[in-house]
Trainee: 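This is the structure, below, for whatever I ask next.
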Amino acid sequence: MINLDTKYQFQEVENKWYSYWLKHNFFSSKPDHREPYTIVIPPPNVTGVLHMGHMLNNTIQDILIRFARMHGKNTCWVPGTDHASIATEAKVVAKLKSEGIEKSSLTREEFLKHAWEWKEKHGGIILEQLKKLGASCDWARTCFTMDPAYSESVIHVFVDLYNKGYIYKGTRIVNWDPQAKTALSDEEVIYRQEHSTLYFVKYFIDGTNDYIPVATTRPETILGDTALCVHPNDERYKKYHGKKVIIPLVNRVVPIITDEYVDPTFGTGALKVTPAHDPNDYELGLKHNLESIDVLNDDGTLNEHAQFFIGKDRFEARKLVAEELQKQGLLIKTEAYINNVGYSERTHVIIEPRISSQWFLRMKELAQPALENVMNDNIKLIPPKFKNTYKHWMENVKDWCISRQLWWGHRIPVWYIHNNPQEFVVAHNEQEALEKAKKKFPNITINDLYQDEDVLDTWFSSWLWPIAVFDGIRNPNNPDIRYYYPTNDLVTAPEILFFWVARMIIAGYEYMNDKPFRNVYLTGIVRDKIGRKMSKSLGNSPDPIDLMNRYGADGVRVGMLLCSPAGNDLLFDESLTEQGRNFSNKIWNAFRLIKLWEVDEHIEQPDYCKHAVLWFEQILNKTIINVKEDFEKYRLSEALMEIYKLFWDDFASWYLEIIKPPYGEKIDKTTYSVTLNYFDALLRLLHPFMPFITEELWHQLSHRNDGETIMNTQYPHAESFNQTLIAHMDEAKNIIAEIRNIRSEKNIPNKDFIPLFINSSVYHLNSLLPIIKKLANINEVAFSKPSVLSVSFLVGVVEYFIPLEKHVNIEEEVQKIEKEIAYYEGFLISIEKKLNNEQFISKAPKTVVENEIKKKNDAITKIQALKIQLEQLKSTKSI
RNA sequence: GGGAGCUUAGCUCAGCUGGUUCAGAGCACCUGCCUUACAAGCAGGGGGUCAAUGGUUCGAAUCCAUUAGCUCCCA
């Protein structure tokens, strides 16, 4: 028996249908004759848990997939996870530490064993959570970036790009994370404005008592200074050109160099040069052949090159150096200063620019097709405003540092020979490495080879995602990759446009000679009610699972979407999911109403039903057409809002109220069956947004066989609609609202019948009168003016009267009408002004002018009618 | 410092090619209703100098310029 509780109980419903969908393999996809529609999921971190960003992102993907499925496409949504080397390794290190185990006490193999155990235990929780959301992924295709096949693809790409000459080993200044002890890419550094101190320090000219003042925010790096630099045209320092200065504390004698790079207006106009600890100084060092002295260890403490404060942390050393400068009288003054400080995205410690030996990928040439094909819209970014940013980035692309000093990840396939960093081979595996090495050193054995310790940047594997999930790197001609590639839509956050999206495009053109996807839908960032980014540390992020438990997955999906225009951030508030839940409840109760009606086959269809049915068909078709357009433009929130209003306002508040049989009576068969069809269409329209409740009610609506599902039905389609019918119904709605308003003002109970007078000889809304009569509770309609005192109103150019002798307050009515006359007269004046303007008549298009004339005539008609009414009221009064 | 974008009702946002879809939607708010689907509801209602100024035009929320405020990206 059907559960007809007045509240929709989503809990059992949602679990029941997800199992049903899985049992019948509705999500699985194999290449066939149909057109494919493919999305690859942006793989979340393997150890991650679901947050609101994922909720938004995956709701959108599921909507797109379900919409495509209902359009007969062979839909394939590939799920998976990313190994996320830094994030995961940091978590494993922290977990081991809590057990008293230091990473440094473990061998690489031991550590990786722990890491894999962690992955097996915590990995993929997030995918399970996505099921609760209703995500219709093809789970059999679940992919992990460190699966054996995937890893092979990554290594293959490294070897291939090396052989093509794109990968090289270089010594560069890189962003060093002293906690994770690894290099980071520029994109993994977050800059924040901070208050800091600018120290003014004396640098004495060698052999004199003269000094040049130098301003620095990092006095501890003084210990690694190897030059002083001034602008060549700076008059203050011209006399020192060619001389040498003595570095404070360490007393090293270094040259004074000149370079236009120096900004004479900043600080004192003199720049201390520390090539080992500042990217700009590094460039200067290369240019001027300066020595480079690295004074830091990899954990951010000072090393023996610093000479002082060896072993002290960099920030402590800063204080100590400043104190020592003060003591020696070398510190002139300090000033407060605001500068940008780089932080590690993962460990949140301050980044240290550091010289190190890393692997790089040359980007300029590879990026070319990726730039072109976005600029010419071969790949569309949605919204297109991101094209500018994309262009700027791709035109200034720098070589990509792809090595990371970590263990969790794809180990770099480089084998050094006899521990010589200059002598190495690049190979797919150890065996091949040995063969290659033997060509150089015939007597070599496996023990003479030593594999590079580093792993590859995580993005160096995820940039292959749309290809590698279909095994297209290793088997470029396999049926899957040929069928599913290029994929259709990618849904992701704008913050990883360069990290990930741009690089996938690059890899796509390099390895498939084609784009990886046609459209990139960039979602906004989910923020809280007052605009702060949701984060664990702020504690302002609701737990999605908890939300779904309280409001239902459908409710949360609706809530997320109601406020998420593409590319704009959305300010999430729990009240939105409440709105989503309330909508579920509305749908449920509308269903209950219909289901509780009893049909009498002998009743003829009443007139009000006939016209309601006709009208609803128009508004339904109109919405279907609008929704289609919205989807084409990826305006999913608007599509949902269209359907929401169609269901709540047009269907529930108007249509059902019109056709609802009077108390105790039954409904005619024709209206009932049409209504069931309408409800069915509404469910199908809603299904991509609210998969669970629509599946449930679709099954309750009529008998379905096992294996049937709403997700495999056709999405409603419409070609046209009758706008006049809709406009007429809008007019009828206004009339009904006016009458209801009069009832409430005059305290006339809804159940009391009243008559309606219409001052019109050829009335255009005759067919809608049965509806007006029913909803406004009118007992008779007369086409004339009433002879007794009445309240009147205008809809369009037609006057309506409700005779209400004792209820009418003449004074009030006179005032109301005078106000209306004044309004229309003002309106008339402005139109006449326009029409008397010759420029307007001659320059504006004909249709616009005609329209103005019509407006003018309508206004005159209305004013005349109102004036007559006014006269009559006044004469009544004088009697 | 360089670049991009935004500013419309209390909040979140639509508003496409300048003109009847032009000042809109949802939520929130106010008033009255526990009316026989739904109070997670029903009926009705109020609310905006379209950031400011100037320009183009017969006509500007819409196009141009300047200013202010906010956001993001890059250095």
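Reminder, nothing fancy here: chain letters follow the sequence lines and each chain counts from 1. Model, not experiment: these values are computed from the prediction.
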Trainee: In residues 845-854 of chain A, which ones come under 4.0 Å of RNA chain B, going by heavy atoms?
Mentor: A:P845, A:V848, A:N851
Trainee: Which value, in whole Å, describes the distance between the C1' atoms of nucleotides B:rC33 and B:rC38?
Mentor: 15 Å
Trainee: Applying side-chain hydrogen bond (donor to acceptor under 3.5 Å, both in side chains), can you list everything that pairs with A:N851, at least two apart in sequence or on another chain?
Mentor: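 Counting only residues at least two positions away or on another chain, A:N851 forms no side-chain hydrogen bond (donor to acceptor under 3.5 Å, both in side chains).
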Trainee: I want to verify a distance call: between B:rA14, B:rA25, B:rU20, whose nearest atom is closest to the A:R635 side chain?
Mentor: B:rA14
Trainee: Give A:K660 one of three labels, base, sugar-phosphate or nothing, depending on what nucleic acid heavy atoms sit under 4.0 Å from its own.
Mentor: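 Here A:K660 touches the bases of the nucleic acid.
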Trainee: Taking the P atom in each of B:rU12 and B:rU20, what is the distance between them to the nearest angstrom?
Mentor: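 Pairwise P distance, B:rU12 against B:rU20, rounds to 28 Å.
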Trainee: Would you indicate what A:K751 reaches in the nucleic acid, counting non-hydrogen atoms under 4.0 angstrom: base, sugar-phosphate, or nothing?
Mentor: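 Result for A:K751 = nothing.
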Trainee: When you measure from the side chain of A:D630 to the backbone N and O of A:L636, does any donor-acceptor pair fall under 3.5 Å?
Mentor: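 It does not hold such a pair.
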Trainee: Who are the salt bridge (charged side-chain N to carboxylate O under 4.0 Å, His left out) partners of A:K622, not counting sequence neighbours?
Mentor: none
Trainee: For a quick check, with a 4.0 angstrom heavy-atom cut-off, what is the B/S/- contact string for nucleotides 39-46 of chain B, read 5' to 3'?
Mentor: SBSSSSS-
Trainee: What nucleotide, of B:rA37, B:rU20, B:rG26, holds the atom closest to the side chain of A:Y644?
Mentor: B:rG26
Trainee: In whole angstrom, give the distance that lies between atom CG of A:L656 and atom P of B:rC38.
Mentor: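 My rounded result for the distance is 13 Å.
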Trainee: Side chains of A:T623 and A:N626: is there a donor and an acceptor less than 3.5 Å apart?
Mentor: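 Judged by distance alone, the side chains do not pair up.
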Trainee: Can you list the stems that include RNA chain B, where a stem is three or more consecutive Watson-Crick or G-U pairs with distances under 3.5 Å?
Mentor: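 Stems (3+ consecutive pairs) listed as B:1-7 with B:68-74, B:10-13 with B:24-27, B:29-33 with B:41-45, B:51-55 with B:63-67.
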Trainee: Tell me, please, which residues at least two apart from A:E14 pass salt bridge (charged side-chain N to carboxylate O under 4.0 Å, His left out).
Mentor: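 Result, salt bridge (charged side-chain N to carboxylate O under 4.0 Å, His left out) vs A:E14: none returned.
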Trainee: Just the rounded figure in Å: distance from C1' of B:rG5 to CG of A:L497.
Mentor: 15 Å
Trainee: Check salt bridge (charged side-chain N to carboxylate O under 4.0 Å, His left out) between A:D649 and all other residues, then give those that pass, not counting sequence neighbours.
Mentor: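 By the salt bridge (charged side-chain N to carboxylate O under 4.0 Å, His left out) rule, A:D649 matches no residue at all.
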Trainee: Please state the P separation for the pair B:rC11 and B:rG55 - nearest whole angstrom.
Mentor: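 So the two P atoms sit 31 Å from each other.
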Trainee: Which residues pass the salt bridge (charged side-chain N to carboxylate O under 4.0 Å, His left out) test with A:R218, not counting sequence neighbours?
Mentor: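 Partners of A:R218 under the salt bridge (charged side-chain N to carboxylate O under 4.0 Å, His left out) test: A:E220, A:E352.
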Trainee: Cut-off 3.5 Å, side chains only: do A:T274 and A:Y282 have a donor facing an acceptor?
Mentor: no
Trainee: Between P on B:rU36 and CD1 on A:I659, what's the gap in Å once rounded to a whole number?
Mentor: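 Result: 19 Å.
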Trainee: Can you name the residues that form a side-chain contact (heavy atoms from CB on, under 4.5 Å) with A:K380, not counting sequence neighbours?
Mentor: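 Here the qualifying residues are A:D377, A:N519.
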Trainee: Report the distance from atom CG of A:L775 to atom P of B:rU35, rounded to the nearest whole Å.
Mentor: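 Rounded to whole Å, this separation is 19 Å.
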Trainee: Measure NZ/A:K398 against P/B:rC74 and give the value in whole Å, please.
Mentor: 10 Å
Trainee: With rounding to whole Å, what would you report as the distance between B:rU17 and B:rA28 at their C1' atoms?
Mentor: 35 Å
Trainee: Figure out the CG/P separation between A:D730 and B:rG24, and round it to whole Å.
Mentor: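 In whole Å, B:rG24 P lies 14 Å from A:D730 CG.
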Trainee: Quick one: A:F647 CZ to B:rA25 P, roughly how many Å, whole number?
Mentor: 21 Å
Trainee: Please state the P separation for the pair B:rC58 and B:rC13 - nearest whole angstrom.
Mentor: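 37 Å, rounded to whole Å.
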Trainee: Not counting sequence neighbours, which residues clear ring pair (Phe, Tyr, Trp, His ring centres under 6.0 Å) with A:Y551? List them please.
Mentor: none
Trainee: What integer number of Å spans the P atoms of B:rA52 and B:rC73?
Mentor: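 About 29 Å, rounded to a whole number of Å.
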Trainee: Assuming nearest nucleotide by heavy-atom distance, tell me which of A:E638 and A:K645 is located more 5' along RNA chain B.
Mentor: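 Going by which nucleotide is closer to the 5' end, it is A:E638.
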Trainee: Of the options B:rA37, B:rU20, B:rA25, whose atoms approach the side-chain atoms of A:F827 most closely?
Mentor: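 Side chain of A:F827 sits closest to B:rU20.
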Trainee: Got a sec, which residues hit side-chain contact (heavy atoms from CB on, under 4.5 Å) with A:E657, two or more places apart in sequence or on another chain?
Mentor: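 Partners of A:E657 under the side-chain contact (heavy atoms from CB on, under 4.5 Å) test: A:K660, A:L775.
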Trainee: Which whole-number value in Å describes the distance from A:N396 CG to B:rA75 P?
Mentor: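 About 9 Å, once rounded to whole Å.
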Trainee: Please give the distance between the P atoms of B:rA25 and B:rG45 as a whole number of Å.
Mentor: 12 Å
Trainee: Which residue lies toward the 5' end of RNA chain B, A:G664 or A:N280, if each is placed at its nearest nucleotide?
Mentor: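 It is A:G664 whose nearest nucleotide is closer to the 5' end.
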Trainee: Could you pull out all residues at least two apart from A:Y390 that satisfy ring pair (Phe, Tyr, Trp, His ring centres under 6.0 Å)?
Mentor: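 Residues passing ring pair (Phe, Tyr, Trp, His ring centres under 6.0 Å) with A:Y390: none at all.
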Trainee: Taking the C1' atom of each, how far is B:rA68 from B:rG54, in whole Å?
Mentor: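 So the two C1' atoms sit 15 Å from each other.
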Trainee: Distance check, rounded to the nearest 0.5 Å: A:W500 atom CH2 versus A:E495 atom CD?
Mentor: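 Answer for the CH2-CD pair, A:W500 versus A:E495, is 12.5 Å.
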